[in-house]
Enquirer: 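First, the structure itself, so that you have it in front of you.
Just so you know, these numbers come straight off a predicted model, no measurement behind them.
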Amino acid sequence: MSYDFKSIEKKWQKYWEDNKLFKSTEISDKKKFYLLEMFPYPSGKLHMGHARNYVIGDTFARFLRMNGRNLLYPMGYDAFGLPAENAAIKNKIHPDKWTDECIKTMTEQQKKLGLSYDWDRLVITSKPEYYKWNQWVFTKFYEKGLAYKKLAPTNFCPKCETVLANEQVIDGKCWRCESEVEVKNLEQWFYKITDYAEELLADLNKLTGWPERVRIMQKNWIGKSEGLSVIFPVKNSAQKIEIFTTRPDTLFGVTFMAFAAEHPLVIELIKGTEKEAEIKKFINKIVVQKRITRLEDKEKEGIFLGKYAINPLTDEEIPIYVSNFVLMEYGTGAIMCVPAHDQRDFEFAKKYNIPIKEVIQSREQRTESRELKQAFVDEGIMVNSQQFNGLDSKDAISKISDYVEEKKLGKRVVHYKLRDWLISRQRYWGTPIPIIYCKKCGTVPVPENDSPVVLPTDVQFTGEGNPLAKSESFVNCKCPKCGGDARRETDTMDTFVDSSWYFERYCDPKQNKLPFDKKNISYWMPVDQYIGGIEHAVLHLLYSRFYTKALRDMGLLDCGEPFKNLLCQGMVIKDGFKMSKSKGNVVSVDDMVGKYGADTARLFVLFASPPERDLDWSDEGVRGSFRFLNKVWNLIVRGPKSEVRSHTIDENLERIKHLTIKKVTEDIKEFHFNTAIAAIMEFYNEINAHHLTPSQQLKNSIKTLVILLSPFAPHISEEMWRILGNSESILKEKWPVWDEKKLVQEKIIIAVQINGKLRGQIEIKTDAAEIEILEIAKSDDKIKKYLENKKIIKTIFVPKKLLNIVVGG
RNA sequence: GCCGGGAUGGCGGAAUUGGUAGACGCAAGGGACUUAAAAUCCCUCGAACUCUAUGGUUCAUGCCGGUUCAAGUCCGGCUCCCGGCACCA
């Protein structure tokens with residue numbers, strides 16, 4: 001017979017809710033703690049992959065409350081997005097209704113798991129009360145020049161029929177539907193995240209509570225490189241070519257230049273020349289090719305323009321090419337090429353018989369002339385570089401940069417890989433961009449008293465094009481400035497705008513004068529612990545950092561970094577794949593809770609693996625957790641068993657109790673839930689082996705066991721707590737503290753090694769001196785035989801651990 | 001290619017600043033209870049050898065080498081797996 005988890009869980013969930021035990025307020029004399037899990041997209045049913053995220057958080061939340069922290073632990077839904085719109089097309093149901101239904105079932109499941117959110121702070125991003133503030137911030141950004149519209153090459157997903165931000169293109173595919181992304185030139189809205197590139201990069205150093213790999217991923221994504229911009233004049237022309245290089249030390253080795261195919265100067269340079277038609281054909285070929293083979297390792301190709309540039313340092317004439325290996329979107333779209341010291345330039349030069357001029361030679365082997373087999377990219381000694389010859393190339397970088405700046409041939413510059421954030425989406429289910437286009441007045445932001453711009457309901461979801469653009473009532477409007485006929489922007493915002501500040505809204509979720517009140521936000525922010533998946537390392541986590549900094553500069557809040565500590569939990573794997581609806585390998589929360597109860601489900605996901613690692617789902621493992629809870633239940637109801645061999649005595653039990661408190665407390669703080677649970681299991685085993693005479697120690701240990709278990713398995717713990725005779729909720733109980741003095745034993749067992757090999761174990765008094773211990777070891781039967789006819793050279797004693805006797809002869 | 005992370009029994013995973021490798025659990029095998037099954041409980045459980053005195057010896061933390069009284073842990077050199085970026089000048 002197993003315990004009746006069904007009625008127990010239902011009973012206490014109701015009790016906790018009725019008594020508002022999870023409500024958080026700003027008024028408290030306790031220290032605040034803001035704990036947050038990444039909010040979900042309301043797609044319907046929860047599986048154990050989702051649940052893992054919340055269970056990690058909830059266990060920590062319950063631990064923090066018992067440790068006297070004033071906790072903010074909210075939940076919400078990232079409710080805008082394509083699936084709702086697709087559901088609308090497929091099932092003829094309005095996205096708003098579909099979303100609400102999904103939220104309802106998800107909330108139910110979250111409650112069934114016993115998650116202790118303050119539901120009064122619920123935030124749903126698809127509601128006008130929320131997205132109104134997306135529009136409000138947009139308008140402020142627009143006024144400050146942080147939001148702007150431009151014609152640019154964009155990533156277009158043909159299946160989702162919308163453009164995507166750079167961060168949302170994974171391996172050339174759409175992050176959501178995995179369709180191949182196309183390049184389209186479109187006029188789109190951007191947020192100027194590049195204004196914050198330097199700060200976003202610099203502040204990564206402050207985020208010591210983040211996993212190193214996330215910081216590195218963001219650093220690489222921002223991609224700062226410092227170098228030199230140099231102007232190369234074109235021979236017999238007024239034109240100048242600006243290039244960017246991080247290797248000024250190779251400036252004397254330039255033997256050709258290369259343009260990206262899209263570079264506007266190319267067309268101008270070849271205008272009217274005999275090669276014009278041929279080159280244009282080549283350029284078109286490359287541009288088309290680029291779209292098709294994004295990922296493949298492409299053969300380098302190029303064509304000589306028939307023009308020469310002048311190296312401003314040497315006055316050498318260098319041929320100009322256009323090539324497929326130069327990127328328009330990075331640097332200036334034109335590069336200087338040094339085949340001797342850059343592998344790509346080298347390959348190109350070999351193919352087109354361009355001279356290779358060495359300007360750096362290895363410090364070890366310096367040769368007069370030789371045929372290079374590949375580019376020499378290391379540091380070395382400068383040669384063929386006029387007054388810089390003989391310098392170390394490392395020093396030459398700054399020396400040549402100084403020289404170039406002095407002679408006004410160029411200047412030091414910084415480039416980033418980070419691009420501005422494209423926020424326009426050609427979809428219905430998102431925040432309308434609050435802009436009106438008037439023939440007379442141009443682009444006009446919607447004034448605050450006309451806001452929010454609400455999504456129209458008279459729309460048809462046909463699956464073709466943006467439904468918003470077809471809504472007459474929405475599109476046609478009056479210009480706020482001149483009152484004449486005007487037209488609304490029909491793009492909506494990227495859903496990542498919604499998730500860039502939801503955690504700030506939780507601090508003041510009902511506020512209707514501003515996104516949030518400064519007093520409340522100052523109290524709660526930053527988020528002390530954020531928990532979520534690694535997949536957002538450069539998406540949500542980067543956008544949120546930008547948004548928070550931008551809001552700070554608007555005076556809305558004081559903190560520049562939203563998330564102090566970050567935990568990235570691993571995936572839940574079943575049958576070799578990530579648990580997901582599309583793979584068909586999900587274990588639903590409903591099934592788990594129905595079969596074993598929430599406490600078992602919670603205990604299993606925490607015990608099976610450390611949070612940051614992937615977790616292999618195991619049905620047997622779940623049964624093991626269930627078995628353990630039943631055993632604890634039986635202990636509380638019936639007391640320890642009688643048939644064990646060696647009984648635990650009171651003194652030992654008392655010591656183990658303190659040890660366990662220490663271990664569990666320290667482990668939870670470090671998110672080592674698996675070892676914390678193991679310690680609780682060991683503690684249970686000791687209690688269960690207690691000799692049958694009831695004692696105060698036994699009673700205290702059982703009480704402690706239940707408290708320690710309660711953050712992990714809250715329902716059964718609450719029930720057992722009441723069975724033990726307590727009338728207050730276990731949630732109000734203080735977390736136990738351990739006494740270091742109680743951990744000390746009178747006698748301990750230490751290892752004895754001979755020449756580093758374990759040869760025996762002896763029992764000693766804890767505070768025994770080394771000489772004493774050596775004597776005990778010498779008289780030990782097992783040790784004795786290893787010491788016969790041997791000379792003791794030295795002994796190494798590690799207190800409370802081991803004695804190593806080094807012998808010779 | 002570059003940058004991260006990882007590799008420990010049949011499995012998930014433990015092992016403070018280097019200090020008794022394999023905690024805890026799962027699976028497996030044996031036994032008790034039962035008409036039987038489930039549930040529960042007890043015992044065994046890295047490998048090989050040895051001894052039947054159930055104790056001992058040797059080998060074992062991806063591979064090769066080193067430092068050390070002592071290495072899963074530190075150093076040097078590899079192999080494989082996972083993740084990120086990818087012609088970034």
Side-chain angles (χ1 to χ4, degrees), chain A residues 1-2 170-171 211-221 223-225 227-228 243-247 250 257-258 260 294-295 297-300 323-327 329-338 341-345 347-348 415-417 534-535 537-538 603-604 607-610 612-625 627-628 630-631 634 641-645 663 666 672 674-685 749-761 782 785 793-808:
Chain A
M1 266 297 283
S2 52
I170 318 285
D171 285 345
E212 186 67 18
R213 59 179 170 152
V214 176
R215 292 198 280 166
I216 289 169
M217 276 154 95
Q218 290 210 358
K219 188 181 165 208
N220 292 340
W221 190 262
K224 179 182 182 176
S225 57
L228 201 59
I243 60 96
F244 172 68
T245 181
T246 53
R247 293 292 305 274
T250 64
M257 305 199 77
R294 261 189 103 89
L295 296 170
D297 212 12
K298 280 166 281 182
E299 168 86 22
K300 290 179 181 43
S323 172
N324 65 345
F325 79 92
V326 185
L327 300 172
E329 42 312 343
Y330 186 75
T332 62
I335 57 170
M336 65 174 212
C337 298
V338 188
H341 305 293
D342 182 286
Q343 189 55 28
R344 292 156 301 179
D345 301 350
E347 284 164 28
F348 192 87
H415 276 282
Y416 299 92
K417 287 188 210 171
I534 185 76
E535 65 272 18
V538 284
L603 196 69
F604 171 71
F607 181 57
S609 180
E612 61 277 9
R613 222 183 286 188
D614 286 350
L615 182 154
D616 254 317
W617 188 262
S618 147
D619 290 328
E620 290 79 21
V622 178
R623 279 200 288 276
S625 295
R627 206 175 296 155
F628 174 68
N630 274 298
K631 287 198 277 189
N634 287 333
K641 302 193 283 259
S642 54
E643 61 271 24
V644 288
R645 254 196 221 163
K663 173 83 178 148
E666 290 176 348
H672 297 162
N674 54 333
T675 47
I677 293 168
I680 292 172
M681 287 172 168
E682 284 179 78
F683 187 33
Y684 159 83
N685 290 338
I749 292 166
I750 65 160
V752 181
Q753 296 181 335
I754 308 291
N755 290 345
K757 279 197 195 303
L758 179 70
R759 294 302 182 195
Q761 291 171 327
K782 278 182 196 163
K785 62 183 181 190
I793 297 166
K794 64 171 170 175
T795 57
I796 292 123
F797 176 57
V798 183
K800 294 177 192 175
K801 287 258 161 115
L802 61 76
L803 179 73
N804 186 12
I805 304 167
V806 183
V807 296

Enquirer: Does A:A608 or A:H672 map to a spot on RNA chain B nearer the 5' end, using the closest nucleotide for each?
Expert: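 Comparing both residues, the 5'-ward one is A:A608.
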
Enquirer: Whole Å only: how far is the CG atom of A:L758 from the C1' atom of B:C69?
Expert: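 Distance check: A:L758 CG to B:C69 C1' gives 14 Å.
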
Enquirer: For the backbone of A:S609 and the side chain of A:D616, can you confirm whether one donor and one acceptor N or O come within less than 3.5 Å of each other?
Expert: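 Pair absent, no side-chain N/O of A:D616 close to backbone of A:S609.
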
Enquirer: Report the residue from A:E299, A:E347, A:K300 that forms a side chain to side chain contact (heavy atoms under 4.5 Å, CB included) with A:F325.
Expert: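 Result for side chain to side chain contact (heavy atoms under 4.5 Å, CB included) with A:F325: A:K300.
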
Enquirer: Using a 4.0 Å heavy-atom cut-off, does A:E212 contact any base of the nucleic acid, only the sugar-phosphate backbone, or nothing at all?
Expert: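 If one applies the 4.0 Å heavy-atom cut-off, A:E212 turns out to touch nothing in the nucleic acid.
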
Enquirer: Counting Watson-Crick and G-U wobble pairs only, both distances under 3.5 Å, name the nucleotide matched with B:C2, or none.
Expert: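 Base-paired to B:G84.
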
Enquirer: Strictly by Watson-Crick or wobble contacts shorter than 3.5 Å, is anything paired with B:A15, and which nucleotide is it?
Expert: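 By the stated definition (distances under 3.5 Å), nothing pairs with B:A15.
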
Enquirer: Could I get a table of every N or O pair under 3.5 Å where one atom is in the protein and the other is in nucleotides 23-28 of chain B?
Expert:
{"unit_1": "B:A23", "atom_1": "O2'", "unit_2": "A:E682", "atom_2": "OE1", "d": "3.3"}
{"unit_1": "B:A23", "atom_1": "O2'", "unit_2": "A:E682", "atom_2": "OE2", "d": "3.3"}
{"unit_1": "B:C26", "atom_1": "OP1", "unit_2": "A:R627", "atom_2": "NH1", "d": "2.7"}

Enquirer: Any strand counts, and the cut-off is 3.5 Å on both contacts for Watson-Crick or G-U wobble. Which nucleotide pairs with B:A89?
Expert: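 Checking every strand shown, B:A89 finds no partner, since no pair has both distances under 3.5 Å.
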
Enquirer: Roughly how far apart are A:N685 CG and A:E682 CD, rounded to 0.5 Å?
Expert: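 It is 7.5 Å, given to the nearest 0.5 Å.
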
Enquirer: Take atom CD1 of A:I170 and atom C1' of B:G84, then tell me their distance rounded to the nearest Å.
Expert: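 The answer, rounded to whole Å, is 10 Å.
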
Enquirer: Please report the interatomic distance CZ(A:R623) to CD(A:E620), rounded to the nearest 0.5 Å.
Expert: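 It is 5.0 Å, given to the nearest 0.5 Å.
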
Enquirer: Counting Watson-Crick and G-U wobble pairs only, both distances under 3.5 Å, name the nucleotide matched with B:A70, or none.
Expert: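 Result: none.
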
Enquirer: Between residues 796-806 of chain A and RNA chain B, which residues have a heavy-atom gap below 4.0 Å?
Expert: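 Residues of residues 796-806 of chain A that come under 4.0 Å of RNA chain B are, in numerical order, A:I796, A:V798, A:K801, A:L802, A:N804, A:V806.
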
Enquirer: Taking donor-acceptor contacts at under 3.5 Å, does the side chain of A:Q343 reach the base of B:G1?
Expert: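 Not at all, since no donor on one side and acceptor on the other fall under 3.5 Å apart.
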
Enquirer: Give the nucleotide from the list B:C87, B:G12, B:U20 with an atom nearest to the side chain of A:A751.
Expert: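 Among B:C87, B:G12, B:U20, the one nearest the side chain of A:A751 is B:U20.
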
Enquirer: Just checking A:F628 against A:Y684, ring centres under 6.0 Å apart?
Expert: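 A:F628 vs A:Y684: aromatic centres under 6.0 Å.
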
Enquirer: When all nucleic acid strands are considered with a 4.0 Å heavy-atom cut-off, which category describes A:D614: base, sugar-phosphate, or nothing?
Expert: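 Sugar-phosphate, backbone atoms only, no base.
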
Enquirer: Please compare A:S609 and A:A334 by the position of their nearest nucleotide in RNA chain B and report the one closer to 5'.
Expert: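 Its nearest nucleotide lies further toward 5', so the answer is A:S609.
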
Enquirer: Is B:C33 paired to anything, Watson-Crick or G-U wobble with both distances less than 3.5 Å, and if yes, which nucleotide?
Expert: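 The base-pairing partner of B:C33, which may sit in any strand shown, does not exist here.
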
Enquirer: What is the pairing partner of B:G10, taking Watson-Crick or G-U wobble pairs with both distances under 3.5 Å in any strand?
Expert: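 Partner of B:G10: B:C26.
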
Enquirer: Just to confirm, is there a sub-4.0 Å distance from OP1 or OP2 of B:A70 to any side-chain nitrogen or oxygen of A:R759?
Expert: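 For A:R759, the contact criterion (side-chain N or O under 4.0 Å from OP1 or OP2 of B:A70) is not met.
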
Enquirer: Between B:A14, B:G4, B:C87, which one does the side chain of A:P610 approach most closely?
Expert: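 For A:P610, the side-chain atoms sit closest to B:A14.
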
Enquirer: Parallel, tilted or perpendicular: which one describes the rings of A:Y330 and A:H415, with boundaries at 30° and 60°?
Expert: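 Correct class here is tilted.
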
Enquirer: Between A:S323 and A:F348, is the side-chain contact (heavy atoms from CB on, under 4.5 Å) condition met? List the steps.
Expert: CA-CA 9 Å; A:S323 172; A:F348 192 87; 3.5 Å; yes

Enquirer: How long is the gap from CD on A:E612 to NE2 on A:H672, to the nearest 0.5 Å?
Expert: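 Reported to 0.5 Å precision, the distance equals 6.5 Å.
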
Enquirer: Please report the distance separating the P of B:G65 from the corresponding atom of B:A53, rounded so that it comes out in whole Å.
Expert: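 About 40 Å, rounded to a whole number of Å.
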
Enquirer: Between B:U20, B:G12, B:C3, spot the one nearest the side chain of A:Q761, thanks.
Expert: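 Closest nucleotide among those given: B:U20.
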
Enquirer: Apply side chain to side chain contact (heavy atoms under 4.5 Å, CB included) to A:K800 and list each qualifying residue two or more places apart in sequence or on a separate chain.
Expert: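 Checked A:K800 against side chain to side chain contact (heavy atoms under 4.5 Å, CB included); matches are A:I748, A:T766.
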
Enquirer: Check the phosphate of B:A14 against A:R613, side-chain N and O only, distance under 4.0 Å to OP1 or OP2. Yes or no?
Expert: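 Answer yes for this pair, as a side-chain N or O of A:R613 is under 4.0 Å from OP1 or OP2.
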
